[in-house]
Amino acid sequence: IQSAIDGASDSYCIVVMDGSYSENIVINKSIRLASEEGPSNCTITAANSSLDVIKISSDNVTVDGLGLKGANADYFVCGVQLTSGRYCTITNCIISDCSEGVYAHQSGDIVIANNIILNISNYGILFMSAVNADIYGNVLDNASIGISSWGGGSNSAKIRNNTITGCTDGIHCSGST
């Protein structure tokens with residue numbers, strides 16, 4: 001998968017064939033990464049559990065329909081980490097057995113929608129210093145905190161129509177508007 005991303009140009013759509021993969025993926029260009037037949041048929045397990053399954057550091061990235069798991073060796077190791085990206089979407093994924101599910105830091109105009117996030121050690125969805133986040137239709141189960149917004153600069157978040165069960169805290173906001 002990483003070699004396909006490395007060889008892609010901006011605006012490419014990379015379709016990941018059904019199967020099980022062991023990788024830590026870095027996306028540093030504007031692409032769409034999607035599964036062939038959905039997250040139950042296409043699973044990426046962190047090759048190194050101390051690194052994010054997918055780390056995004058670009059604008060205009062979509063991750064759609066992937067199963068992501070196994071980034072759990074340390075705090076802030078994520079199924080998907082988005083750093084300094086704008087106009088990014090994480091949708092239709094199953095994210096499990098990670099320290100954090102989705103973590104967006106210093107990002108804006110992001111959509112986190114229609115994902116299943118379960119068996120997470122810390123935060124199911126965490127956004128910090130992120131603006132204009134739209135978080136909806138997610139199912140979060142068995143995390144310490146379901147959805148959290150904290151840190152200066154996190155504002156204009158829309159959190160709606162999510163199902164949160166089995167979490168110590170459902171939704172936590174601190175220093176956000």
Side-chain angles (χ1 to χ4, degrees), residues 1-48 50-71 76-96 98-117 123-138 147 149 151 153-160 162 176:
I1 300 169
Q2 186 66 57
S3 61
I5 293 168
D6 293 344
S9 297
D10 282 340
S11 301
Y12 269 38
C13 177
I14 298 169
V15 176
V16 181
M17 303 299 285
D18 288 350
S20 297
Y21 301 86
S22 179
E23 295 191 46
N24 298 92
I25 297 169
V26 175
I27 300 175
N28 56 6
K29 54 185 75 172
S30 299
I31 63 164
R32 177 182 174 90
L33 183 66
S35 67
E36 181 181 35
E37 294 290 333
S40 297
N41 299 309
C42 184
T43 302
I44 304 167
T45 302
N48 180 341
S50 296
L51 299 173
D52 304 313
V53 181
I54 297 178
K55 184 170 188 166
I56 300 169
S57 61
S58 183
D59 297 339
N60 300 303
V61 173
T62 297
V63 175
D64 186 358
L66 298 171
L68 307 170
K69 65 181 185 175
F76 287 109
V77 182
C78 312
V80 178
Q81 183 174 152
L82 171 60
T83 303
S84 303
R86 294 187 60 101
Y87 308 107
C88 294
T89 300
I90 312 302
T91 190
N92 302 316
C93 293
I94 298 175
I95 301 170
S96 64
C98 295
S99 294
E100 325 298 331
V102 178
Y103 172 42
H105 178 65
Q106 295 181 338
S107 301
D109 302 298
I110 58 174
V111 175
I112 303 169
N114 303 315
N115 300 289
I116 298 171
I117 301 172
Y123 300 95
I125 298 171
L126 170 62
F127 51 104
M128 192 163 67
S129 300
V131 297
N132 299 327
D134 196 5
I135 300 169
Y136 65 90
N138 299 288
I147 299 172
S149 170
S154 290
N155 58 47
S156 302
K158 290 183 264 178
I159 301 171
R160 57 196 163 85
N162 296 282
S176 303

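- Using a 4.5 Å cut-off on side-chain heavy atoms (C-beta onward), Ile56 and Val63 make contact.
- To the nearest 0.5 Å, atoms CD1 (Ile116) and OG (Ser96) are separated by 10.0 Å.
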Kindly indicate, with the supporting measurements, whether the criterion side-chain contact (heavy atoms from CB on, under 4.5 Å) is fulfilled by Tyr87 and Ile110.
-> CA-CA 5 Å; Tyr87 308 107; Ile110 58 174; over 6 Å; no
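- Using a 4.5 Å cut-off on side-chain heavy atoms (C-beta onward), Ile1 and Leu33 make contact.
- Looking at every heavy atom in both residues, Gly65 comes nearest to Cys93 through N-SG, 3.8 Å.
- Asn115 places a side-chain N or O within donor-acceptor distance of the main-chain N or O of Asn92, the cut-off being under 3.5 Å.
- For Phe76, the CZ atom counts as densely surrounded, since its 6.0 Å shell holds more than 12 non-hydrogen atoms of other residues, nucleotides or ligands.
- In terms of heavy atoms, Ala71 sits closest to Leu51 at CB-O, 3.3 Å.
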For Thr91 and Val111, run side-chain contact (heavy atoms from CB on, under 4.5 Å): C-alpha distance rounded to whole Å, both residues' side-chain angles, the deciding distance at 0.1 Å, then the answer.
-> CA-CA 8 Å; Thr91 190; Val111 175; over 6 Å; no
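- The side-chain heavy atoms of Ile54 and Leu66, taken from C-beta on, include a pair separated by under 4.5 Å.
- Rounded to the nearest 0.5 angstrom, Asn138 CG and Ile117 CD1 are separated by 5.0 Å.
- Nearest heavy-atom pair across Ile135 and Phe127 is CD1-CE2, 3.1 Å.
- A donor-acceptor pair under 3.5 Å is absent between the side-chain atoms of Glu100 and the main chain of Leu126, judged by distance alone.
- Rounding to the nearest 0.5 Å places CD1 of Ile25 at 11.0 Å from CG of Asp52.
- Separating the CD1 atom in Ile112 from the OH atom in Tyr136 is a distance of 11.0 Å, to the nearest 0.5 Å.
- Under the 3.5 Å distance criterion, the side-chain polar atoms of Gln2 are left unmatched by any main-chain donor or acceptor of Glu23.
- Taking each heavy atom of Cys42 and Val16 in turn, the nearest pair found is SG-CG1, 3.4 Å.
- Here the closest heavy-atom approach between residue Cys88 and residue Ser58 is recorded as SG-O, 3.3 Å.
- Remark: the backbone N or O of His105 is paired with a side-chain donor or acceptor of Ser107 at under 3.5 angstrom.
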Take Tyr103 and Tyr123 through the ring-ring contact (aromatic ring centres under 6.0 Å, His included) test and state the conclusion after the steps.
-> CA-CA 8 Å; Tyr103 172 42; Tyr123 300 95; 8.3 Å; no
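- For residues 27-46, every residue pair satisfying the side-chain hydrogen bond (donor to acceptor under 3.5 Å, both in side chains) rule, not counting sequence neighbours, is listed here: Arg32-Asp64.
- Side-chain atoms of Asp59 come within 3.5 Å of backbone atoms of Arg86 as a donor-acceptor pair (strictly under, hydrogens ignored).
- Between the Asn24 side chain and the Ala47 main chain, a donor and an acceptor come within less than 3.5 Å of each other.
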